[in-house]
Amino acid sequence: MSKSLNLKVIAEGVENEAQLSFLREHQCDEFQGYYFSRPLKSFDVAAKLWKREMSNQEETEATFGWKGTVP
């Protein structure tokens with residue numbers, strides 16, 4: 001029904017692979033829950049995002065052989 005109204009479907013409380021598979025099979029757009037991460041303090045969220053950004057930058061540098069910010 002949400003798809004016919006052009007709405008995104010967001011599932012909360014995903015705790016295991018079986019739930020995630022079910023939601024993917026039923027075209028759920030977004031997911032959140034303990035399966036992905038326990039609740040984090042704001043500082044920990046920032047650190048996790050920074051670490052991911054640095055990892056992406058290192059991968060880009062290794063792939064393309066240049067240094068700089070990731071576009």
Test of understanding: with side chain to side chain donor-acceptor pair (under 3.5 Å), list the residues that count as partners of D44, not counting sequence neighbours. none
Can you tell me if CZ on F43 sees more than 12 non-hydrogen neighbours from other groups inside 6.0 Å? no
Test of understanding: with ring-ring contact (aromatic ring centres under 6.0 Å, His included), list the residues that count as partners of Y35, not counting sequence neighbours. none
Do Y34 and L20 sit in the same hydrophobic cluster, where Ile, Leu, Val, Met, Phe, Trp and Tyr count as joined when their side-chain heavy atoms come under 4.5 Å apart? no
What residues, two or more places apart in sequence or in another chain, satisfy side-chain contact (heavy atoms from CB on, under 4.5 Å) together with Q27? K3
Is the backbone of E53 close enough, under 3.5 Å, to the side chain of Q57 for a donor and an acceptor to pair up by distance? no
Roughly how far apart are I10 CD1 and L23 CG, rounded to 0.5 Å? 12.0 Å
Out of curiosity, does V45 fall in the hydrophobic cluster containing W50 (side-chain heavy atoms, cut-off under 4.5 Å, transitive links)? no
So, taking the atom named CD in E17 and the one named CZ in R24, what distance separates them when rounded to the nearest 0.5 Å? 6.5 Å
How far apart are the closest heavy atoms of S2 and V9, and which atoms are they? OG-CG2, 2.7 Å
Measuring only between side-chain heavy atoms, which start at C-beta, is Q32 closer than 4.5 Å to S37? no
